[in-house]
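One structure below.
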Amino acid sequence: MERIAVFPGSFDPVTLGHVSVIKRALSMFDKVIIGIGINSEKKSMFTLEQRISWINAIFKSEPKVIVDSYTGLTVDFCRQKNAHYILRGLRTSADFEFERGIGQINSMMANDIETVFLLTEARYTPISSSIIRDVIRNGGDVRGMVPDEVDYKSK
Ligand code: ADP
């Protein structure tokens, strides 16, 4: 059976922290589906099309990485994709507490789906999409935080 993982998130925008988790997960899974969750109550900074196109550009030479979007429960999206693993990154103990709740509720809803956590690389610990959005909003430079493909200035 193919080992398929879903990496859910907003990816608004995708960061070097996300890319590191995805690349490291490739040795564990046959396919990593980046699932961009659409939350109608959360306004994103970048459009879904833009977020998808950056991720496609970053992983254009990696056929094991696929990007898609979904609404509703992550476990339902996993079932649709025949994925038995949810991939998440852990930066800090605050991430752990947050992820523990989501992961345990997900396994109560779908006990055939395991959540797998990868620790962030130390250098990427302070990077989060929300801080990046703040820096961008205020005209700061996000080189070294997002992949070069995230060319938000030309948009
Ligand atoms: P969410 O909208 O759920 O906050 P994000 O797009 O911010 O989703 O992140 C998706 C996943 O990537 C989460 O598991 C998050 O912990 C992880 N992640 C975010 N930033 C980093 C980072 N710098 N290093 C490792 N993992 C990260």
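The figures that follow rest on heavy atoms only: side chains count, while hydrogens, waters and symmetry mates do not. Numbering of ligands and ligand atoms starts at 1, following listing order.
Here's the thing with Ile127: one of its N/O atoms is less than 3.5 angstrom from an N/O atom of ligand 1. Considering backbone and side-chain N/O of Arg88, one or more are found under 3.5 Å from N/O of ligand 1. Between Thr15 and ligand 1, no N or O atom pair is found at a separation short of 3.5 Å. For a threshold of 3.5 Å applied to N or O pairs, the pair formed by Ser129 and ligand 1 contains no separation below that value.
Protein heavy atom nearest atom 18 (N) of ligand 1, with residue, atom name and distance: His18 CD2, 3.7 Å. Here the protein heavy atom with the shortest distance to atom 15 (C) of ligand 1 is Gly89 O, 3.9 Å.
Each of the following atoms of ligand 1 lies closer than 4.0 Å to a heavy atom of Phe7: 11 (C), 12 (O). Those atoms of ligand 1 with a heavy atom of Val21 less than 4.0 angstrom away are 25 (C), 26 (N). Within ligand 1, the atoms closer than 4.0 Å to a non-hydrogen atom of Gly9 are 6 (O), 8 (O), 10 (C), numbered from 1 in the order shown. Interface atoms of ligand 1 facing Thr120, defined by a heavy-atom separation under 4.0 Å, are 22 (C), 24 (N), 25 (C). Less than 4.0 angstrom separates some heavy atom of Ser10 from each of these atoms of ligand 1: 1 (P), 2 (O), 5 (P), 6 (O), 8 (O). Annotation for ligand 1: atoms under 4.0 Å from non-hydrogen atoms of Gly17 are 22 (C), 23 (N), 24 (N), 25 (C). Near Glu99, the atoms of ligand 1 lying under 4.0 angstrom from a non-hydrogen atom of the residue are 14 (O), 16 (O). Interface of Phe11 with ligand 1, defined as ligand atoms under 4.0 Å from a residue heavy atom, comprises 6 (O).
Glu114 has its side chain out of reach of Ile86: every pair of non-hydrogen atoms, C-beta onward, lies at least 4.5 Å apart.
Ser44 and Arg51 form a side-chain donor-acceptor contact under 3.5 Å, judged by distance and modelled atom types alone.
Ring centers of Phe11 and Trp54: at least 6.0 Å apart, outside the cut-off.
Residues Tyr152 and Ile36 fall within the same hydrophobic cluster, defined by Ile, Leu, Val, Met, Phe, Trp and Tyr side chains chained together at heavy-atom separations under 4.5 Å. Ile33 is not connected to Ile38 by any chain of hydrophobic side-chain contacts under 4.5 Å among Ile, Leu, Val, Met, Phe, Trp and Tyr, and they are in different clusters.
Atoms CD1 and NE2, from Ile55 and His18 in turn, are 8.5 Å apart once rounded to the nearest 0.5 Å.
Counting only distance, with no hydrogens or angles, the side chain of Asp141 and the backbone of Arg143 share a donor-acceptor pair below 3.5 Å. Between the side chain of Arg88 and the main chain of Glu99, no donor-acceptor pair closer than 3.5 Å is present.
The proximity of Pro8 to ligand 1, defined as any non-hydrogen pair under 4.0 Å, is limited to the backbone. Only the side chain of Arg91 comes within 4.0 Å of ligand 1, counting heavy atoms alone; its backbone N, CA, C and O stay farther away.
Within a 4.0 Å radius of atom 8 (O) of ligand 1, the protein has at least one heavy atom.
Taking a cutoff of 4.0 Å between a charged side-chain nitrogen and a carboxylate oxygen, Asp30 and Lys64 do not qualify as a salt bridge.
In this structure, Arg79 places its CZ atom where more than 12 heavy-atom neighbours from other residues, nucleotides or ligands lie under 6.0 Å away.
Between Tyr70 and Phe77, the two ring planes are parallel [angle under 30°; tilted spans 30° to 60°].
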